[in-house]
Amino acid sequence: MKKQITVFVAGLLCTFSSVSLAQDDIEPVKPRTKLFEHQVGVQMNELVRQVFNFNGTGSSLNNPYLLMYSLNLAKSGWGVRLGLGPEFNTFKDDDGITIRENNVNKINARLGLEKSFRLSDRWTAGAGLDGVYSSDISYSKTSVRSFDSTRTDLASQTTTQGGGAMGWLRYRISSHVLIGSEASFYYRTGKYKQKIEITRRVSNGIGTPKFETSTTELDNKLKEGVFNLPMVFYLIVRF
């Protein structure tokens, strides 16, 4: 009986030893590294203007991109960036004599490549090249109620495309929240078209009144180089 107990205990010890050795052979699980880094930002200048601009005046901003998004490789810093700046506005006013109606549809877009650089634990910088596109379509109508009433219809369209270089600087507030600004120079070419129609009511006092319409049209080419100073601040979320 004593011999059987000794054999049983020896078998248990061998089993525990093999399990311990098998566990030692298993390598610890390494944390998964992030391949891409996403950043989404929105302009915060209107908020800053409301808080700090006490005299009620503000300078105009040349940077029309309200929203930005970038996708970068976490290791090398290379990535792509997208910017959008939509604006849609409709206005109508009638004071009993004059009717005014305005419709504005604008879109500004850019797409490019960039390279980000880590300057310190808090500061990062970047530089890149962008292709840009913009479209501005507006329509206004003015009607005056009078004996010789008139109506003016004005339609305009501006379309440009081009590209250029840009650079940015950002400060990390927390692990997921940053603030930053950017500067850029874009060269654009495009067209500006405008059509004005003025319709007048003509009455000679006899019979049905007549209407006369005169039309003026413009079709011009545009070339411009725009330098955007780092006056626009973005609030950025990184994930």
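It should be emphasised that the depicted structure is a prediction, and the values quoted were computed from it without experimental measurement. Just so it is clear, the values below take in all heavy atoms, side chains as well, and ignore hydrogens, waters and symmetry mates.
- The pair Glu182-Arg110 meets the salt-bridge criterion, with a side-chain N (NZ, NE, NH1 or NH2) lying under 4.0 Å from an Asp/Glu carboxylate O.
- Put simply, the side chain of Ser116 gets close to the backbone of Gly77: a donor and an acceptor are under 3.5 Å apart.
- Contact of the Glu37 side chain with the Ser70 side chain is not registered, since no non-hydrogen atoms from C-beta on lie closer than 4.5 Å.
- Residues meeting the side chain to side chain donor-acceptor pair (under 3.5 Å) test with Ser156, sequence neighbours left out: Ser138.
- Put simply, Phe36 and Met68 are part of two different groups of oily side chains (I, L, V, M, F, W, Y) that touch within less than 4.5 Å, one to the next.
- Looking at heavy atoms from C-beta onward, Thr142 lies out of side-chain contact with Leu154 at the 4.5 angstrom threshold.
- Counting only residues at least two apart or in different chains, salt bridge (Lys or Arg N to Asp or Glu O under 4.0 Å) contacts with residues 153-179 comprise Arg151-Asp153.
- Between Val40 and Phe239 there is a side-chain heavy-atom pair separated by less than 4.5 Å.
- Put simply, the side chain of Asp219 never gets that close to the backbone of Lys193: no donor and acceptor are under 3.5 Å apart.
- A donor-acceptor pair under 3.5 Å is formed between the side chain of His176 and the backbone N or O of Arg238.
- The shortest side-chain heavy-atom distance between Asp130 and Tyr65 does not fall under the 4.5 Å cut-off.
- Leu84 and Leu113 are not part of a single hydrophobic cluster, where members link through side-chain heavy atoms under 4.5 Å apart.
- Rounding to the nearest 0.5 Å gives a distance of 8.0 Å between CG of Asn45 and OG of Ser181.
- Asn72 is listed as a side-chain neighbour of Glu114, based on a closest heavy-atom distance under 4.5 Å.
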Report, one line per pair, each donor and acceptor closer than 3.5 Å where one atom sits in a side chain of residues 97-104; sequence neighbours left out.
{"from": "Asn103", "atom 1": "OD1", "to": "Thr90", "atom 2": "OG1", "distance (Å)": "3.2"}

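- The closest side-chain heavy-atom distance from Leu66 to Val42 is below 4.5 Å.
- Hydrophobic clustering keeps Tyr192 apart from Ile137 (ILVMFWY residues linked when any side-chain heavy atoms are closer than 4.5 Å, directly or through intermediates).
- When atom types are taken as modelled, the side chain of Gln43 and the backbone of Phe233 share no donor-acceptor pair closer than 3.5 angstrom.
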